[in-house]
Amino acid sequence: MKKTSFFIFICGLLSFGLTAFLKTGKNPEKTILGAWKEMDWEYEKTDKFLANSTIGKTISDLEKTEIAKDLVIHEAETWTFEPSGNLKLKNGKTSKSVKWVLKGRGHILQLKHAKGDTENYQLTHLDDHRMVLNIELDNQARGIAKLVFSK
Amino acid sequence: MLRKYSNSRRISDNIKLGSLTAFTSGMVNIASLLIFFSFSSNITGHYAILAAEIVKGNTYQIVVVLGWILMFFMGSFVSNQMVINFNKKSTYLAHSLPILLEIICLLVVGYYGQFFYRETLFETEFLLMIMLFAMGLQNGLTASISNFTVKTTHLTGLTTDLAILASMFTKKEFRDNSELVNKSKLLLSIVVSYIVGALASGYTYQLLEFKVFYVVCLFLLVVLAYDFYKIKVGQILISRRSKSKKITYDYDQLLAKSEDIKIEESVF
């Protein structure tokens, strides 16, 4: 029984340590707040023979329209994440609002339309100045698109 | 399923326990993937994610994933503690306590999810912790009481074992080995149950959402009730047998006494 108590004590200590360590890390739910400007759309992977060229990776405006035609982010230039859970997508004078939540360990950004439809994006990079979202593409485009934002 | 321990278990006990618990873990795993975008019954992936997050230097994610792994570890630890500490008092009690605790954990997840979940990241991570603890409890219990034969929350080792057995069965000498055949039956029943559970969860999730966890609890209750019923029936049968034996014994004693009286009367 003494050994068990000791073990439980160690686990408690470890949990305490982890919680304290957690405080030092940046909570993605807080880091994401604010206005993000869309900088770039590109393919995550490119054809081998175009590896050293930017042409192969960059997604043209035409392709972008095709990829995002069914997505809420279509033609949005500025994304503003609010603490209330609203995301405002602005493009010039037009603006649209959807709900946002983070799932998993903060690696999935889920956007919810008013109608109840959802869109999921993989949050592959997030710091104070840069955010990268990945979208899995169902069309004939090459696999995964990368959206790069800056704050 | 739960009354017997280690080597006293028959293959049918392990198949019943393995199938039912694999079905529930398949359900839980897919439910957590659909709701929280993270697995809750297999840990190998979490170790890989942990390594990836360490490389990226994401402190927050490192701690979260470490916490998940620790909770699965704690679940298995607590489960085995219950088995080894209560086994002398009652095998059924020792083996049913972890399942009971698992039911409570899943009920908490289901109830909280249905009525209070606001989809914050903290809630997601915390509910996943509870689910990983529950899966640790289940895996620790099944592995512990079956002498490490039944593991139902992940299928990596199991698929390897199945492949090895399939390879062995290409030779007649191994096909005739009943122990190996029984082992393959057990492994296949676990795989099939896990997939069926996962599919059931996937198809019913849109309709049930967090109520899926209540369905899982129902299946776990079946595991508990089955053995409880067997024990009660066994006790009733034993008490009836001992009663009928006692009646026969009393009748024999009366008969012997009356014969003694007759002898005494004839003497006088």
Side-chain angles (χ1 to χ4, degrees), chain A residues 1-33 81 83-86 99-112 116-128 130-132 134 136, chain B residues 32-40 45-46 48-50 52-86 113 117-129 131-133 136 205-206 209:
Chain A
M1 205 63 192
K2 265 186 182 176
K3 278 182 186 169
T4 309
S5 310
F6 177 72
F7 190 83
I8 290 168
F9 172 73
I10 291 291
C11 283
L13 205 66
L14 202 61
S15 307
F16 180 75
L18 283 178
T19 315
F21 197 48
L22 193 67
K23 297 275 182 194
T24 64
K26 282 181 182 168
N27 185 337
E29 223 168 27
K30 286 176 185 162
T31 314
I32 204 169
L33 294 177
F81 291 87
S84 58
N86 287 320
K99 290 273 175 195
W100 69 274
V101 287
L102 290 182
K103 296 271 182 167
R105 53 185 191 283
H107 71 297
I108 300 286
L109 171 67
Q110 190 171 69
L111 304 184
K112 293 181 176 186
D117 297 337
T118 56
E119 285 170 20
N120 301 314
Y121 303 88
Q122 188 140 11
L123 191 55
T124 43
H125 180 88
L126 180 68
D127 61 31
D128 292 335
R130 192 165 175 264
M131 174 170 76
V132 178
N134 281 45
E136 268 189 52
Chain B
S32 79
L33 184 66
L34 292 174
I35 300 171
F36 304 119
F37 288 80
S38 192
F39 291 112
S40 62
H46 289 312
I49 290 166
L50 177 70
E53 296 295 358
I54 290 170
V55 171
K56 285 184 195 168
N58 293 337
T59 319
Y60 183 89
Q61 276 83 356
I62 292 168
V63 177
V64 168
V65 179
L66 261 178
W68 287 345
I69 294 170
L70 184 70
M71 286 309 279
F72 190 87
F73 178 89
M74 281 303 291
S76 296
F77 174 83
V78 169
S79 189
N80 200 56
Q81 277 293 316
M82 285 173 173
V83 171
I84 57 177
N85 284 317
F86 294 109
Y117 185 51
R118 289 179 295 116
E119 297 192 84
T120 63
L121 194 55
F122 175 76
E123 283 175 310
T124 301
E125 286 154 0
F126 192 73
L127 291 176
L128 269 165
M129 273 188 182
M131 288 162 77
L132 277 153
F133 179 75
Y205 163 72
Q206 293 293 339
E209 292 188 341

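By convention in this document, chain letters (A, B, ...) are assigned in the order of the sequence lines, proteins followed by strands, and residues within each chain are numbered from 1.
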Contacting region of [X] [heavy-atom separation from chain A under 4.5 Å]:
| X | result |
| --- | --- |
| B/Val78 | neither |
| B/Leu121 | both |
| B/Thr120 | both |
| B/Leu33 | neither |
| B/Glu123 | neither |
| B/Met71 | neither |

Counting only non-hydrogen atoms closer than 4.5 Å, does [X] touch chain B with its backbone (N, CA, C, O), its side chain (CB onward), both, or neither?
| X | result |
| --- | --- |
| A/Asp127 | neither |
| A/Leu102 | both |
| A/Lys112 | side chain |
| A/His125 | neither |

Checklist outcome for this item: Among B/Phe122, B/Phe77, B/Phe39, the residue with the most heavy-atom pairs under 4.5 Å to chain A is B/Phe77
Checklist entry - For B/Ser38 and A/Gly104, which heavy atoms make the closest approach, and how far apart are they? => result CB-CA, 4.4 Å
Checklist entry - Of all heavy-atom pairs between A/Pro28 and B/Gln61, which one has the smallest distance, and what is that distance? => result CG-NE2, 3.8 Å
Checklist entry - CZ of B/Phe126: more than 12 outside heavy atoms within 6.0 angstrom? => result no
Next on the checklist: Measuring from atom CZ of A/Arg105 to atom OG1 of B/Thr124, what distance do you get when rounded to the nearest 0.5 angstrom?
Outcome noted: 13.0 Å
Checklist entry - Would you say B/Tyr60 and A/Thr31 make side-chain contact, with heavy atoms under 4.5 Å? => result no
Next on the checklist: Between the side chains of B/Glu119 and A/Lys99, is the shortest nitrogen-to-carboxylate-oxygen separation below 4.0 Å, so that they form an ion pair?
Outcome noted: no
Next on the checklist: If you count heavy-atom pairs within less than 4.5 Å of chain B, which of A/Val101, A/Leu126, A/Asn27 leads?
Outcome noted: A/Asn27
